[in-house]
Visitor: 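Can you read through this structure? Questions will come right after.
Position 1 is the first residue of the sequence, and the numbers go up from there. One-based numbering, in listed order, for ligands and for the atoms of each. In what follows, every heavy atom counts, from backbone to side chain, and hydrogens, waters and symmetry copies are set aside. Every value quoted in this text rests on a predicted model; they were computed, and no experiment measured them.
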Amino acid sequence: MKARVAVHREFRVGTIDERLYSAFIEHMGRAINGGIYDPGHPEADERGFRRDVLALVRDLKIPAIRYPGGNFVSAYNWEDGIGPKDRRPVRLDLAWRCKETNQVGINDFAHWASMAGIEMMLAVNLGSRGLEEARNFLEYVNFPGGTAWSDLRRSHGVSEPYGVKMWCLGNEMDGPWQIGHKVATEYGRLADETAKAFKAFDRNIETVVCGSSNDKMATYPEWEREVLEECYENVDYISMHKYFGNNSKDTLNYFAKVEETGRYIQTVGAIIDYVKAKKRAKNDVRISFDEWNVWYHDRDVDSRRIKEWDWPEAPPLLEESYNFEDALFVACLLNEFIRRSDRVRIACIAQLVNVIAPIRAEKDGPAWRQTIYYPYQMASLYGRGDALQVSVDAPRYDCRVAADVPYLDAAAVHDQQGGMVTLFLVNRHLTESAALDVSLTGFLQPQLDRHIAMGGHALTDTNGADHQDKVAPSPGSGVGIEDGRLRGSLPPLSYHVLRVKVS
Ligand code: AHR
């Protein structure tokens, strides 16, 4: 098939907020305990954090990380995780029906995040608790000293405040499963008052209000409208969450869930605009897509296990094994975030280690990269700069979730400082190569600097502790510059990162 792509130096979507490549990690399963933190592991440092896991995290160049939940946060007492470890209580985690030992709390996590070079994005409990505990937490985390909560932090050995800027006002509060679930107006009022208090503390703080848990919720999209009507002026972002899978064993339909996500983003964007106009508001609210990933391989099995188990401590949970098909899907989804980066400013892969994660940390064994690690890494490393509008002229297909889906999925980013245009391309065709022809209008002397590719795998191929690099990127071939255009052939079911030097 022929696949013509056109980009133009002047036709920009906007400057990408680097937080588009953020992550999320929750106190659940073996994400924190048994993931980033495992004092008994040979790779553990003096504070119990695994060096090998940290190295894989660092290689992702993650700008921000959302913590500590997730459903977990809605019944979490942040005070349980501070002070001497031997005096921290063990509590029941009602979200995942486990025991939480609290051996990692805010100061421990902040230490890990600073080692990883990642900014924290903290969520407060607006489920079982409320404004009072949230404001105390803020004071503990962000006030320099001389008050009860800030001095308590100092007594815990942290003299400098963390200066956390991004705060999530609860988690998935529309979900009936959430501890402390609320109806929209009730939650909207609480979010408004909490955001108001946070901004009274520091007007530079950014607040994220909960949108729907996904676009299949019965209350979506009314939830967004009702919540925003209560709190629009005091919030900076509204959250979106969505998990994906090839449940119907139909690869093209799976890939097209990216288009469905585009509609979801568009709808939430339209609601933001509607409420802004209705309220005659001056501020803009953007989107924080702070939970996204593939989650379906073992989802039902895990749901059953949770119901049956007897409050275990850090059990393996949601440890999805990702295949090559999932990597291609993740590549397309990241392309969609780039294409819609005018609306979506923050996005967090959910989660980071072990639990639906790009990194697996084996108990007593190695840490390794899942297939989805790579497209996430490529986007994070090379997807910074200005997102360009991309026109794709390629054959299209119809499927259950979308119509008119181009077989070639494309995004382009111009790094002006580095003099580089990066194209992220996925040939989603099951059997045909794409004869690629890219025009780069306004860019002078284009030279192909690097071609990284993933392809030639069965869709079901996975990585594992004993075959860690089975699915991994390698230098690409078959694409070059001819007459100032990028031309070449992209095999079916393959992913390409084309780095083009321009002046
Ligand atoms: O990431 C796993 C769970 O998915 C989170 O705890 C929750 O917010 C979402 O439903």
Visitor: Under 4.0 Å from a heavy atom of Gly70: give me the atoms of ligand 1 that qualify, with their elements.
Guide: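 By the 4.0 Å cutoff, the relevant atoms are 5 (C), 6 (O), 8 (O).
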
Visitor: Flag His241 as yes when one of its N or O atoms lies below 3.5 Å from any N or O atom of ligand 1, and as no otherwise.
Guide: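 Among all N and O atoms of His241, none is under 3.5 Å from an N or O of ligand 1.
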
Visitor: Do Phe201 and Trp167 have their ring centres less than 6.0 Å from each other?
Guide: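 Centroid distance Phe201-Trp167: not below 6.0 Å, so no.
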
Visitor: Please list the nearest protein heavy atom to atom 1 (O) of ligand 1 with its residue and the distance rounded to 0.1 Å.
Guide: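 Of the protein heavy atoms, Tyr243 OH, 2.8 Å lies nearest.
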
Visitor: For Trp177, is at least one N or O under 3.5 Å away from an N or O on ligand 1?
Guide: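 So ligand 1 has no N or O lying under 3.5 Å from an N or O of Trp177.
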
Visitor: At under 4.0 Å between heavy atoms, which part of Trp292 makes contact with ligand 1: side chain, backbone, both or neither?
Guide: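 Answer for Trp292: neither.
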
Visitor: Check whether any side-chain N or O of Asp174 sits under 3.5 Å from a backbone N or O of Ser212 as a donor-acceptor pair, and report yes or no.
Guide: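 Absent.
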
Visitor: In terms of residue, atom name and distance, what is the protein heavy atom nearest to atom 6 (O) of ligand 1?
Guide: Glu26 OE1, 2.6 Å

Visitor: So, Tyr76 side chain and Gly69 main chain: donor-acceptor pair closer than 3.5 Å or not?
Guide: no

Visitor: So which protein heavy atom does atom 2 (C) of ligand 1 come closest to, and at what separation?
Guide: Gln351 NE2, 3.6 Å

Visitor: Measuring only between side-chain heavy atoms, which start at C-beta, is Phe329 closer than 4.5 Å to Val258?
Guide: yes

Visitor: Does Val355 approach ligand 1 within less than 4.0 angstrom via side chain, backbone, both or neither, non-hydrogen atoms only?
Guide: neither

Visitor: With under 30° as parallel and over 60° as perpendicular, where do the rings of Trp292 and Phe337 fit, or are they tilted in between?
Guide: perpendicular

Visitor: Nearest protein heavy atom to atom 4 (O) of ligand 1, by residue and atom, and its distance?
Guide: Glu291 OE1, 3.3 Å

Visitor: Would you mind listing which atoms of ligand 1 come within a distance below 4.0 Å of any non-hydrogen atom of Phe24?
Guide: 1 (O)

Visitor: Considering only protein heavy atoms, which is closest to atom 10 (O) of ligand 1, and at what distance to one decimal place?
Guide: Glu172 OE1, 2.7 Å

Visitor: Assess the pair Trp112 and Phe109: is the distance between their ring centroids shorter than 6.0 Å?
Guide: yes

